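Here is the structure we will look at, set down as structure tokens.
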Amino acid sequence: MKILHVVPTYYPATYWGGPIWSTKAICDGIAATDGFAVKVLTSDAAGPAISDRVTPAKLPYPVHYAYRLAGHCIAPGLLARLPQAIHWADVVHVTGTYNMPTLPAFVLARAMQKPLVWSPRGALQATEDWLDAPHLTVKHGFERLANMLRPRDAVLHVTATQEAQQSVRRLHGIGRAIIPNAVDVPDVIPVRDSSPDKCRLMFLSRLHPKKGLEALFDAMTTLPPNFTLDIYGTGDADYVRMLQLRADLSNGRIRLHGHVEGQAKATAFADADLFVLPSHSENFGIVIAEALAHAVPVLTTQATPWEQLDRRGCGRCIDLPNSDLAAEIAALATQNIGDMGARGRAWMRRDFSKPAMVSAFADLYRDMLGHGFQEVMV
């Protein structure tokens with residue numbers, strides 16, 4: 001079975017965060033599954049600047065990185081290759097929303113009667129959640145066009161029930177498949193150099209107002225001096241500059257480190273006692289799963305699909321608008337960090353493995369090509 005992935009940006013464009021890793025995990029796993037062949041059509045964008053271009057990685061399946069001319073992923077070469085690529089495919093999988101490749105892929109898949117999976121990666125949910133989201137009029141127009149142009153047998157892939165409910169409200173009459181992202185659980189993690197005299201908080205994500213960083217900065221002003229905060233990630237230059245100015249007033253308690261991945265990311269988790277993501281909107285929050293996989297307890301919000309943190313005994317999921325974030329952090333820090341981390345790591349190993357995710361996608365693709373789609377909930 002031949003699967004075409006159409007995505008605005010692709011590995012190694014890790015600047016764009018979690019969706020890059022999760023999409024790559026799907027493609028890697030499906031390409032290694034008997035009876036499947038994978039191709040990826042994307043742009044060469046590695047970051048927001050036009051000069052930011054990826055150096056293609058060696059992967060066990062073909063990836064075409066079309067030359068980006070403008071914007072986030074405006075790459076005419078991608079559009080030129082779409083007809084032939086979609087004609088080749090048995091199933092088309094489109095990732096991303098509000099960008100150039102999505103609607104043309106819908107039109108061509110519909111014209112060629114190819115079944116289509118659409119992974120909006122939280123964008124529809126964020127528009128539903130975030131009433132002050134930029135360019136709302138344009139986004140609503142995009143959604144209306146998507147509803148009109150998508151193939152009749154299109155399926156919406158979401159990662160959690162909460163994302164499904166909020167996304168389907170924006171797209172009427174579309175099937176849904178709930179398949180969570182997978183996470184790598186390291187075989188061994190270093191012994192954490194914890195101290196009862198300090199608590200090292202960690203934030204890792206895209207630096208954006210919807211991630212709740214201002215609330216976290218405010219919390220740091222009332223937490224005791226033994227609490228420190230290390231922030232990892234990149235974002236809009238003006239926003240990052242504002243955060244750095246606030247960090248400069250913290251007497252060294254708040255530090256911005258920029259983008260990390262690979263061993264540097266693993267080291268960052270090893271140097272943390274608690275992971276805090278006070279986000280206003282998340283479709284999944286792969287960084288939460290990564291923190292738990294590295295045995296770091298998590299405090300996040302009910303705007304994420306991680307309400308089981310409390311029940312699993314590995315963190316807290318709070319109602320941010322009606323909570324005292326500093327008090328919640330301080331209370332969580334009094335608990336047994338090591339035990340919470342061990343429970344979170346065991347949970348990730350049991351329920352968020354890559355084989356389970358890949359198997360669910362393989363079944364979804366087969367259903368769409370064969371006897372018809374059956375709603376999937378993993």
Side-chain angles (χ1 to χ4, degrees), residues 1-10 16 19 23 26-27 30 37-45 61-128 135-158 163-164 167-177 361 364-370 372-373:
M1 184 182 301
K2 295 172 288 188
I3 311 298
L4 172 69
H5 278 259
V6 181
V7 57
T9 54
Y10 193 70
W16 306 111
T23 305
I26 297 167
C27 292
I30 292 296
V38 170
K39 287 184 180 179
V40 179
L41 190 54
T42 186
S43 78
D44 66 354
Y61 46 87
V63 180
H64 178 76
Y65 298 90
Y67 187 85
R68 175 181 59 169
L69 289 181
H72 171 62
C73 60
I74 298 177
L78 192 160
L79 295 181
R81 286 178 173 259
L82 263 180
Q84 183 178 2
I86 290 178
H87 183 267
W88 167 85
D90 294 313
V91 177
V92 179
H93 190 150
V94 176
T95 296
T97 313
Y98 312 130
N99 56 56
M100 186 201 73
T102 303
L103 295 181
F106 283 11
V107 170
L108 289 167
R110 180 169 180 161
M112 298 184 196
Q113 299 183 337
K114 298 298 178 79
L116 182 138
V117 178
W118 182 18
S119 298
R121 293 298 181 190
L124 297 171
Q125 179 187 10
T127 303
E128 175 82 5
H135 313 300
L136 274 179
T137 301
V138 174
K139 290 177 178 178
H140 292 161
F142 180 99
E143 292 161 11
R144 287 191 292 271
L145 283 172
N147 263 328
M148 291 189 295
L149 300 176
R150 61 181 168 84
R152 293 178 180 84
D153 54 355
V155 170
L156 192 71
H157 159 238
V158 290
E163 184 192 359
S167 299
V168 169
R169 280 201 291 266
R170 311 195 71 81
L171 299 168
H172 306 294
I174 189 169
R176 63 175 187 169
F361 273 107
L364 172 61
Y365 296 147
R366 292 188 190 104
D367 284 347
M368 295 188 71
L369 188 62
F373 169 68

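Because the structure is a prediction, the values reported are computed rather than measured. Any value given below was found using the heavy atoms of this structure, including those in side chains, with hydrogens, waters and symmetry copies removed.
Between Pro101 and Val94 there is no side-chain heavy-atom pair separated by less than 4.5 Å. Annotation: side chain of Leu103 is not in contact with side chain of Val107 (no heavy-atom distance under 4.5 Å). Looking at Thr23 and Arg121, their side chains come closer than 4.5 Å, going by heavy atoms from C-beta outward.
No donor-acceptor distance shorter than 3.5 angstrom exists from the side chain of Ser43 to the backbone of Arg68, with no hydrogens or angles considered. Using modelled atom types, one side-chain atom of Trp118 and one backbone atom of Gly96 make a donor-acceptor pair closer than 3.5 Å.
When all heavy atoms of Pro8 and Thr95 are compared, the closest pair comes out as CD-O, 3.0 Å. For the pair Leu116 and Pro151, the tightest heavy-atom approach, listed with the atom from each and the gap, is CB-CG, 3.9 Å. Residues Ala154 and Ile174 approach most closely at O-CG1, 3.6 Å, considering heavy atoms. Nearest heavy-atom pair across Leu4 and Trp88 is N-CZ3, 4.1 Å. Closest heavy-atom contact between Val117 and Val91: CG2-CG1, 4.3 Å. Of all the heavy atoms in Asn99 and Cys73, the pair that sits closest is CB-SG, 3.7 Å.
In this structure, the separation between CG on Leu41 and CG on Leu78 is 4.0 Å, given to the nearest 0.5 Å. The CG atom of Leu82 sits 6.0 Å away from atom CG of Leu108, with the distance rounded to the nearest 0.5 Å. To the nearest 0.5 Å, atoms CD1 (Ile3) and CD1 (Ile26) are separated by 11.5 Å. We find the NE2-OG1 distance between His72 and Thr9 to be 4.5 Å, quoted to the nearest 0.5 Å.
Listed by chain and number, the residues in a side chain to side chain donor-acceptor pair (under 3.5 Å) with His93 are Ser119, Tyr365 (sequence neighbours excluded). In terms of the side chain to side chain donor-acceptor pair (under 3.5 Å) criterion, residue partners of Asn147 (sequence neighbours excluded) are, by chain and number, Arg150. For Tyr61, the side chain to side chain donor-acceptor pair (under 3.5 Å) test picks out Tyr10, Asp28, with sequence neighbours left out.
Each of Met112, Lys2, Lys114 was compared with Val92 under the side chain to side chain contact (heavy atoms under 4.5 Å, CB included) criterion, and only Lys114 meets it.
When the shell of 6.0 Å around CZ of Arg110 is examined, it contains more than 12 heavy atoms from other residues, nucleotides or ligands.
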Query raised in the report: How far apart are the C-alpha atoms of His157 and Phe361, what are their side-chain angles, what is the distance that settles it, and do they pass the ring pair (Phe, Tyr, Trp, His ring centres under 6.0 Å) test?
Result: CA-CA 10 Å; His157 159 238; Phe361 273 107; 4.8 Å; yes
